[in-house]
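In this chain, residues are counted from 1 in sequence order. Since this is a predicted model, take the numbers as computed values, not measurements.
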Amino acid sequence: MAWNNQSVITEFILQGLSSSWELQMVYFLFFSLVYAATVLGNLLIVLTVISESRLHSPMYFLLGNLSFIDMSLASFATAKMITDFFREPKVISFEGCIIQIFFLHLLGGVEIVLLISMSFDRYVAICKPLRYLTIMNRRMCLGLVTPSWIVGIFHAMSQLAFTVNLPFCGPNEVDSFFCDLPLVIKLACIDTYVLRVFMISTSGMIAQVCFILLVISYSVILVTVRQRSSGGSSKALSTCSAHFTVVTLFFGPCIFIYVWPFTNFPIDKVLSAFYTIFTPLLNPVIYTLRNKDVKDSMRKLSSRVLKSRKTDHSP
């Protein structure tokens with residue numbers, strides 16, 4: 001049966017973070033600042049990596065891609081959430097809901113593979129330093145980034161393949177600030193047990209397996225670093241600790257949400273906000289504060305921009 005014939009519901013109502021008008025105004029100011037900082041911070045990293053020749057290396061190429069993904073991940077739902085603080089009810093069309101689900105799983109899938117690629121880059125740099133530039137050449141870098149998008153698209157399509165054909169004919173209130181797939185599936189008019197098992201296996205289990213692989217990878221790197229006592233090893237340890245912090249912040253909420261996708265916990269909304277809003281903000285902060293090259297390059301870029309503005313305004 002066709003999707004349009006099955007689905008009676010044409011829109012969903014998002015319950016948001018709070019029903020209190022005062023709290024919504026506080027949230028509006030807070031999340032507006034967070035969103036602006038997220039976009040500007042990640043955009044600055046992307047522009048810095050592109051413009052600074054000293055950052056034209058595999059690690060920063062992957063970091064620039066990560067910042068682009070984080071900027072997109074923060075935008076797919078946050079912008080609407082901010083405008084929804086002034087709307088009652090907070091309505092999203094059926095098609096808009098499906099688009100949100102698609103981009104959440106697309107960008108999440110891309111970031112998972114990209115984080116694995118970044119761990120591989122650090123493994124080669126630390127465990128095989130003499131062959132680093134040979135292994136991590138331009139072709140290899142593109143070969144790491146391109147499959148991440150392919151995997152992301154495949155993952156997103158697999159999540160939507162059955163969802164779009166579900167009949168929605170009853171309640172249409174989603175207890176979140178965006179269309180989260182587990183919460184949307186709960187509103188279907190049929191038994192979704194098989195779909196629940198499928199989603200747990202493809203989202204929750206994949207996230208857990210990838211996280212375990214990343215922990216093993218960084219553990220091997222850590223053992224290698226500890227066997228050395230040079231300044232370069234200290235710098236490598238600092239870089240890897242930043243990478244692993246980002247990995248933990250990304251996978252932690254994701255695993256919790258999708259391992260128990262149909263059990264409601266009071267902390268679910270907080271984890272959803274952390275996953276979609278705060279992690280993309282923390283990534284540039286972590287990488288910037290822990291990386292001297294990025295900080296120096298940002299200062300140079302800012303200095304050039306200020307000088308060009310002064311030149312433009314001079315008579």
Mind checking side chain to side chain contact (heavy atoms under 4.5 Å, CB included) for [X] and listing every partner two or more places apart, or none if nothing turns up?
| X | result |
| --- | --- |
| L187 | F12, F168, P171, V174 |
| C210 | I112, I116, I206, F251 |
| F30 | V34, F278 |

Which ILVMFWY residues are connected to V209, directly or by a chain of links, through side-chain heavy atoms under 4.5 Å apart? L213
Using a 4.5 Å side-chain heavy-atom cut-off and chaining through intermediate ILVMFWY residues, the residues clustered with V151 come out as V113
Spacing of [X] atom [atom1] and [Y] atom [atom2] [to the nearest 0.5 Å]:
| X | Y | atom1 | atom2 | value |
| --- | --- | --- | --- | --- |
| D121 | M59 | CG | CE | 7.0 Å |
| F102 | L107 | CZ | CG | 8.5 Å |
| L17 | L23 | CG | CG | 9.5 Å |
| Q15 | E173 | CD | CD | 5.0 Å |
| F85 | W21 | CZ | CH2 | 10.5 Å |
| I153 | S158 | CD1 | OG | 12.0 Å |

Would you say that [X] contacts [Y] through its side chain, given a criterion of any heavy-atom pair below 4.5 Å between the two side chains?
| X | Y | result |
| --- | --- | --- |
| S75 | F103 | no |
| K80 | L14 | yes |
| R138 | C141 | no |
| D70 | T38 | no |
| L106 | F76 | no |
| S217 | F120 | no |
| M81 | I277 | yes |
| Y35 | L281 | no |

Applying side chain to side chain contact (heavy atoms under 4.5 Å, CB included), run through L66 and I45 and close with a yes or a no. CA-CA 10 Å; L66 179 66; I45 288 180; over 6 Å; no
Would you say [X] and [Y] are hydrophobically clustered, going by side-chain heavy atoms of ILVMFWY under 4.5 Å?
| X | Y | result |
| --- | --- | --- |
| V110 | F68 | yes |
| Y60 | L43 | yes |
| I82 | V26 | no |
| L55 | L133 | yes |
| I150 | F61 | no |

Look only at the side chain of [X] and the backbone of [Y], and say whether a donor-acceptor pair between them is shorter than 3.5 Å.
| X | Y | answer |
| --- | --- | --- |
| H56 | V49 | yes |
| Q100 | F178 | no |
| D84 | R87 | no |
| N137 | T134 | yes |

Heavy-atom neighbours of [X] [atom1] exceed 12 at 6.0 Å:
| X | atom1 | result |
| --- | --- | --- |
| R139 | CZ | no |
| M25 | CE | yes |
| Y123 | OH | no |

The test is side chain to side chain contact (heavy atoms under 4.5 Å, CB included); show your working for M136 and L144 and say whether it passes. CA-CA 10 Å; M136 294 300 297; L144 291 173; 3.6 Å; yes
Which heavy atom in [X] sits nearest to a heavy atom in [Y], and how many Å separate them?
| X | Y | answer |
| --- | --- | --- |
| L183 | S176 | CD1-CB, 3.6 Å |
| I190 | P167 | CG2-CG, 3.6 Å |
| G64 | V46 | O-CG2, 3.5 Å |
| P280 | L73 | CG-CD2, 4.2 Å |
| E111 | I69 | OE1-CG2, 3.5 Å |
| S119 | I221 | O-CD1, 3.9 Å |

Please determine whether side chain to side chain contact (heavy atoms under 4.5 Å, CB included) holds for the pair I185 and L181, giving the CA-CA distance in whole Å, both sets of side-chain angles, and the decisive distance to 0.1 Å. CA-CA 6 Å; I185 290 177; L181 183 57; 3.7 Å; yes
E88: what forms a salt bridge (charged side-chain N to carboxylate O under 4.0 Å, His left out) with it, not counting sequence neighbours? K90
